[in-house]
Engineer: 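Below is one structure. I have some questions about it.
A, B, ... follow the sequence lines: proteins, then strands. Residue 1 opens every chain. These values consider heavy atoms only, across backbone and side chains, with no hydrogens, waters or symmetry-generated copies.
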Amino acid sequence: MSQKPFRLYDSLSRQVKVLETQEPNHLRFYSCGPTVYSYAHIGNFRSFVTSDLIVRTARAIGMKVTWVTNITDVGHLTEDDVADAQGEDKMERALRSKEGEQFNNVWELAEYYEDAYKEDWKHLNLVEPNVRPKATQHVREQILAAEELIDKGFAYETPTGVYFSVEKFPEYGKLSGNTQESLRKGVRDVVMDENKHDQSDFAVWKKDDKHLMQWFSPYGWGFPGWHIECSVMARAYLGDTIDLHSGGEDNKFPHHECEIAQSEALTGKPFCGHWVHTSHLQVNGQKMSKSLGNFYYVRGLMKDGVDPLAIRFALISGVYRKNLNFTDQGLVDAATNIDRFKRADETMKAGLEAKRAGENTLGTELEKLYDEALEAMCSDLNTPVAIAKSLEGAKLISKEGDSITLSSAQSAEKFLNLVNDLLGIVRGSFHLQAIQENTSNVDSSRIEALIQERKEAKASKNWARADEIRKALTEEGITLTDNPDGTTSWAQA
RNA sequence: GGUGCCGUGCCCAAGUGGCCUAAGGGGUCGGUCUGCAAAACCGUUAUUCGGCGGUUCGAAUCCGCCCGGCACCUCCA
């Protein structure tokens with residue numbers, strides 16, 4: 001098939017370029033997953049959604065995609081964003097925190113947050129990766145990689161661990177622009193380690209027989225360095241050279257820079273042809289940070305009655321390379337839009353059942369709109385335009401209402417399926433009402449009785465009494481809606 | 001200090017040299033429907049793109065300066 005070019009910004013060459021694959025029509029894609037020491041927040045999910053959209057778009061233009069996204073279940077040093085750091089371990093710290101009290105050990109803690117992450121993943125309607133490896137399943141390969149790096153002269157052993165020698169890899173800095181020169185100047189006091197040949201050298205293996213998660217290696221007890229896990233897992237599942245690698249913008253340095261150095265040192269081949277980095281999400285105009293404590297979680301928002309599809313919509317309502325401000329108003333706007341899709345979906349389904357004869361008034365226009373949406377996605381994931389086109393189609397479908405013909409409904413079904421496959425915002429696998437009904441403490445029989453009374457009042461044209469009942473319930477936070485078929489439904493605010 | 005990004009209507013947000021008298025959404029206002037509402041549907045809402053100057057036949061889009069915001073280098077995707 002003639003394949004549409006998929007244009008994406010590449011952080012390495014710093015330009016938008018067509019995504020190329022080594023094997024024709026088969027994308028090998030690796031994206032960095034979370035460290036499971038806490039719930040993943042919506043900022044984490046913004047970058048996961050970017051990866052999800054890449055996979056969806058690639059498949060929509062007929063590519064085969066092998067997608068690997070890891071789970072980091074080994075604790076890392078909390079200051080691991082310095083290429084090499086000494087610091088407190090994230091997992092260990094989480095275990096000692098208040099939330100950590102419920103776990104017997106770090107392994108349980110990691111497992112708990114891993115499950116939570118997968119649950120949130122489903123709620124946000126992310127497509128399942130082909131492989132979701134865990135760092136702890138690949139420690140053996142990480143040790144082998146450390147040995148090989150030493151053998152090849154790229155790494156050396158010290159009393160504290162095995163370190164990658166940055167000066168042996170002259171291209172270090174090509175991704176982040178952090179030259180070895182500028183790094184030397186930028187090194188903080190905390191990471192001074194006189195055993196290292198150069199302060200910008202980073203750990204491949206840390207020696208530590210006190211660590212809560214430790215493995216035995218030729219260097220004694222210890223645990224792997226953070227960056228080596230992704231190098232090893234990407235290679236294990238996707239080969240020496242992968243087509244695409246993604247992550248949050250903060251991963252660019254040091255994580256991805258170090259991955260490139262290690263992988264290319266090991267294989268002697270280019271590690272990855274295309275790099276994608278998602279900008280950080282801001283919340284109500286502020287950056288999300290631990291110190292500000294302004295994290296939003298998928299489960300927390302859902303508990304407040306937010307449809308997870310609306311969260312997803314809000315996350316993709318701006319292009320991934322620009323900072324996006326996540327606000328309460330934005331969520332409300334998103335929910336309204338999700339409803340538009342759901343309504344179109346209902347109109348379509350009703351039309352399929354009614355089997356009304358007549359012409360197909362939608363087909364041509366919907367096909368054009370979908371093509372435009374797909375084209376937008378192929379232009380560096382322009383989600384706002386893709387959404388605009390999809391919404392236009394949804395409006396056309398809804399407009400048909402009860403008079404939609406069978407052939408129009410069939411075109412609508414095709415369109416909505418395609419849009420849902422591309423953007424994942426038409427149908428969720430999760431039904432919000434289910435949890436809301438469980439958590440509701442409202443006396444529904446009393447409300448039903450009042451609705452019945454109001455219905456009788458309406459029948460006898462006693463509008464005053466009918467409005468009085470509705471007003472009283474509104475004050476309790478219950479909204480009544482009179483449906484066209486004469487029934488009245490209610491919802492809790 | 002180094003590096004990079006951004007400033008578009010009341011709000012969110014595309015567009016990065018002519019198809020822009022600037023997409024789409026939210027909100028507003030008006031209408032259809034409804035006993036009245038709500039919802040839905042239809043229509044309305046920027047001669048203008050932070051400011052000033054320049055390049056060009058032509059700029060929101062390129063260049064310069066200024067003002068404002070943000071990100072990474074340091075927790076965090």
Engineer: Going by 5.5 Å between centroids and 30° between planes, is there a stack of A/H280 over B/rA77?
Structural biologist: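 Stacked: centres under 5.5 Å apart, planes under 30°.
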Engineer: Please give the nucleotide sitting opposite B/rG64 as a Watson-Crick or G-U wobble pair, both distances under 3.5 Å, or none.
Structural biologist: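 The answer is B/rC52, by the H-bond criterion.
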Engineer: Among the nucleotides B/rA77, B/rA13, B/rG25, which one has an atom lying closest to any side-chain atom of A/S47?
Structural biologist: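 Out of B/rA77, B/rA13, B/rG25, the nucleotide with an atom closest to A/S47's side chain is B/rA77.
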Engineer: For A/Y113 together with A/Y39, are the ring centres under 6.0 Å from each other?
Structural biologist: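 Here the rings of A/Y113 and A/Y39 have centres that are less than 6.0 Å from each other.
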Engineer: Over how many whole Å does the gap from A/F313 atom CZ to B/rA14 atom P extend?
Structural biologist: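 Going from CZ in A/F313 over to P in B/rA14 covers 12 Å.
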Engineer: With centres under 5.5 Å and planes under 30° as the test, does A/F45 stack with B/rA77?
Structural biologist: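 Stacking is absent between B/rA77 and A/F45, given that the ring centres and planes do not meet under 5.5 Å and under 30°.
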Engineer: Say we look at B/rG35 and B/rC29: how far apart would their C1' atoms be, to the nearest angstrom?
Structural biologist: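 Pairwise C1' distance, B/rG35 against B/rC29, rounds to 25 Å.
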Engineer: Taking atom C1' of B/rG26 as reference, at what distance in whole Å does atom CG of A/N325 sit?
Structural biologist: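 To the nearest whole Å, that distance equals 15 Å.
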Engineer: So, under a plain 3.5 Å distance rule, would you say the side chain of A/D467 forms a donor-acceptor pair with the base of B/rG35?
Structural biologist: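 Answer yes: a donor N or O sits under 3.5 Å from an acceptor.
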Engineer: Please step through side-chain hydrogen bond (donor to acceptor under 3.5 Å, both in side chains) for the pair A/D10 and A/S13, ending with a clear verdict.
Structural biologist: CA-CA 6 Å; A/D10 168 37; A/S13 58; 2.7 Å; yes
Engineer: Regarding A/E114 and A/K118, does a basic nitrogen lie under 4.0 Å from an acidic carboxylate oxygen?
Structural biologist: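 Salt bridge: yes.
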Engineer: Examine B/rG26: is either OP1 or OP2 under 4.0 Å from a nitrogen or oxygen in the side chain of A/R340? Give yes or no.
Structural biologist: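 True: A/R340 side-chain N/O within range (under 4.0 Å) of B/rG26 OP1/OP2.
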Engineer: Students often get this wrong, so: under 4.0 angstrom with heavy atoms, is A/K322 touching a base, only sugar-phosphate, or nothing?
Structural biologist: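 Result for A/K322 = sugar-phosphate.
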Engineer: For A/R321 and B/rC6, is the shortest distance between a side-chain N/O and OP1 or OP2 below 4.0 Å?
Structural biologist: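 So the side-chain polar atoms of A/R321 never come under 4.0 Å of the phosphate oxygens OP1 or OP2 of B/rC6.
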Engineer: Rounding to a whole Å, what distance do you find between A/I469:CD1 and B/rG35:P?
Structural biologist: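 Going from CD1 in A/I469 over to P in B/rG35 covers 18 Å.
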Engineer: Using a heavy-atom cut-off of under 4.0 Å over every strand shown, decide if A/G247 touches base, sugar-phosphate, or nothing.
Structural biologist: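 Touches sugar-phosphate only.
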Engineer: Starting from P on B/rG4, measure out to CD on A/E249 and report it in whole angstrom.
Structural biologist: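 Taking atom P of B/rG4 as the reference, CD of A/E249 is at 15 Å.
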Engineer: Pick the closest RNA chain B nucleotide for A/S279 and for A/D339 by heavy atoms, then say which residue is nearer the 5' end.
Structural biologist: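 Checking each residue's closest nucleotide, the 5'-ward one belongs to A/D339.
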Engineer: Which listed nucleotide (B/rA14, B/rC73, B/rG26) is nearest to the side chain of A/V385?
Structural biologist: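 Of the options given, the side chain of A/V385 lies nearest B/rA14.
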Engineer: Between B/rA14, B/rC76, B/rA13, spot the one nearest the side chain of A/Y37, thanks.
Structural biologist: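 So the nucleotide nearest the side chain must be B/rC76.
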Engineer: Side chain of A/A388 only, heavy atoms from C-beta on: which candidate in B/rC70, B/rG26, B/rA23 is closest?
Structural biologist: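 Selected nucleotide (nearest to the side chain): B/rA23.
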Engineer: Once you measure the plane-to-plane angle for A/F341 and A/F313, does it fall in the parallel (<30°), tilted (30-60°) or perpendicular (>60°) bin?
Structural biologist: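 Rings of A/F341 and A/F313: tilted, 30 to 60°.
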Engineer: Given B/rC41, B/rA14, B/rG35, identify the nucleotide with an atom nearest to the side chain of A/R343.
Structural biologist: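 Selected nucleotide: B/rC41.
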Engineer: B/rC36 base to A/R470 side chain: any donor-acceptor pair below 3.5 Å?
Structural biologist: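 Answer yes: a donor N or O sits under 3.5 Å from an acceptor.
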Engineer: Give A/I387 one of three labels, base, sugar-phosphate or nothing, depending on what nucleic acid heavy atoms sit under 4.0 Å from its own.
Structural biologist: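 A/I387: no heavy atom of the nucleic acid under 4.0 Å.
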Engineer: A/N382 CG to B/rA23 P: how many Å, rounded?
Structural biologist: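 Whole-Å distance recorded here is 15 Å.
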Engineer: Scan every strand shown for a Watson-Crick or G-U wobble partner of B/rG4, both distances under 3.5 Å, and answer none if you come up empty.
Structural biologist: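 Its partner is B/rC70 (Watson-Crick or G-U wobble, both distances under 3.5 Å).
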Engineer: Can we call the ring centroids of A/F45 and A/F326 under 6.0 Å apart?
Structural biologist: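 Aromatic pair excluded; centres sit 6.0 Å or further apart.
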Engineer: Which nucleotide, in any strand shown, forms a Watson-Crick or G-U wobble pair with B/rC29, with both distances under 3.5 Å?
Structural biologist: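 Across all strands, the one nucleotide that pairs with B/rC29 is B/rG43.
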Engineer: Any idea which of B/rA13, B/rG35, B/rA77 is nearest the A/L281 side chain?
Structural biologist: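 So the nucleotide nearest the side chain must be B/rA77.
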Engineer: Which of the following nucleotides, B/rC70, B/rG26, B/rA23, is nearest to the side chain of A/Q282?
Structural biologist: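 Looking only at heavy atoms from C-beta outward on A/Q282, the closest nucleotide is B/rC70.
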Engineer: In a check of side-chain contact (heavy atoms from CB on, under 4.5 Å) between A/I425 and each of A/N125, A/N420, A/L391, A/I316, which one passes?
Structural biologist: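 The single option meeting the side-chain contact (heavy atoms from CB on, under 4.5 Å) with A/I425 is A/I316.
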Engineer: Assign A/L324 to base, sugar-phosphate, or nothing according to its heavy-atom contacts below 4.0 angstrom with the strands shown.
Structural biologist: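 Touches sugar-phosphate only.
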Engineer: Between B/rG50 and B/rG68, how far apart are the two C1' atoms, rounded to whole Å?
Structural biologist: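 Roughly 7 Å separates the two C1' atoms.
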Engineer: Of all the nucleotides listed (B/rC70, B/rA77, B/rC73), which has the minimum atom distance to the side chain of A/F253?
Structural biologist: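 Of the candidates, B/rC73 comes closest.
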Engineer: Reckon A/H277 touches a base, only the sugar-phosphate, or nothing at all at heavy-atom distances under 4.0 Å?
Structural biologist: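 Since no nucleic acid heavy atom lies under 4.0 Å of A/H277, the category is nothing.
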Engineer: In whole angstrom, give me the gap between the C1' atoms of B/rC73 and B/rG17.
Structural biologist: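 The answer is 35 Å between these two C1' atoms.
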Engineer: Which part of the nucleic acid, if any, lies within contact of A/V332, taking any heavy atom under 4.0 Å across all strands shown: a base, the sugar-phosphate backbone alone, or nothing?
Structural biologist: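 Touches nothing.
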Engineer: Using the C1' atom in both, what is the distance from B/rU21 to B/rA37, to the nearest Å?
Structural biologist: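 Pairwise C1' distance, B/rU21 against B/rA37, rounds to 39 Å.
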Engineer: Once you apply the 3.5 Å cut-off to both distances, tell me the Watson-Crick or G-U wobble partner of B/rG18, or none.
Structural biologist: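 Per the H-bond distance test, B/rC57.
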Engineer: Say you pick atom P in B/rU48 and the same atom in B/rG4; how far apart are they, in whole Å?
Structural biologist: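 Looking at atom P only, B/rU48 and B/rG4 are 34 Å apart.
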Engineer: If you check the A/K399 side chain, which of B/rG26, B/rA23, B/rC41 turns out closest?
Structural biologist: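 Of B/rG26, B/rA23, B/rC41, B/rC41 is nearest to the side chain of A/K399.
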Engineer: Distance between the C1' atoms of B/rC76 and B/rU56, in whole angstroms?
Structural biologist: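 So the two C1' atoms sit 45 Å from each other.
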Engineer: Tell me whether the side-chain N/O atoms of A/K252 come closer than 4.0 Å to OP1 or OP2 in B/rA71.
Structural biologist: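 Answer no for this pair, as no side-chain N or O of A/K252 is under 4.0 Å from OP1 or OP2.
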Engineer: For A/K461, report the nucleic acid contact type (base, sugar-phosphate, nothing); a contact means any heavy atom under 4.0 Å.
Structural biologist: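 No contact.
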Engineer: How are the rings of A/Y117 and A/F48 set relative to one another: parallel (under 30°), tilted (30 to 60°) or perpendicular (over 60°)?
Structural biologist: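 Rings of A/Y117 and A/F48: perpendicular, as their planes differ by over 60°.
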Engineer: Please report the distance separating the C1' of B/rA60 from the corresponding atom of B/rC49, rounded so that it comes out in whole Å.
Structural biologist: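 Their C1' atoms lie roughly 4 Å apart.
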Engineer: How about A/Y237 and A/H138: are their ring centroids closer than 6.0 Å?
Structural biologist: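 Yes, the ring centres sit under 6.0 Å apart.
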Engineer: In whole angstrom, give the distance that lies between atom NE2 of A/H255 and atom P of B/rC73.
Structural biologist: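 In whole Å, B/rC73 P lies 14 Å from A/H255 NE2.
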Engineer: At under 4.0 Å between heavy atoms, what does A/S317 touch on the DNA or RNA strands: base, sugar-phosphate, or nothing?
Structural biologist: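 Sugar-phosphate, backbone atoms only, no base.
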Engineer: Which is more 5' along RNA chain B, the nucleotide nearest A/L391 or the one nearest A/G43? Just name the residue.
Structural biologist: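 Residue closer to the 5' terminus by nearest nucleotide: A/L391.
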Engineer: Return the value, rounded to whole Å, for the distance between atom NZ of A/K342 and atom P of B/rA40.
Structural biologist: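 After rounding, the reported distance stands at 14 Å.
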Engineer: Need one value for A/K389: base, sugar-phosphate or nothing, where a base atom within 4.0 Å counts as base even if backbone is also close, heavy atoms only.
Structural biologist: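 Nothing, no nucleic acid heavy atom in range.
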Engineer: Parallel, tilted or perpendicular for A/F202 and A/Y172, by the 30°/60° rule?
Structural biologist: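 Rings of A/F202 and A/Y172: parallel, as their planes differ by under 30°.
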Engineer: For A/I338 and B/rG26, give me the distance from atom CD1 to atom P, rounded to whole Å.
Structural biologist: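 Computing the A/I338:CD1 to B/rG26:P distance gives 12 Å.
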Engineer: If we take the P atom in both B/rC41 and B/rC66, what is their distance in whole Å?
Structural biologist: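 Looking at atom P only, B/rC41 and B/rC66 are 50 Å apart.
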Engineer: Which part of the nucleic acid does A/R454 contact within heavy-atom distance under 4.0 Å: base, sugar-phosphate only, or nothing?
Structural biologist: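 Base contact.
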Engineer: Is there a donor-acceptor contact under 3.5 Å from the side chain of A/R14 to the main chain of A/L175?
Structural biologist: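 Confirmed, A/R14 side chain pairs with A/L175 backbone.
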Engineer: What nucleotide, of B/rA77, B/rG25, B/rG24, holds the atom closest to the side chain of A/E392?
Structural biologist: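 For A/E392, the side-chain atoms sit closest to B/rG24.
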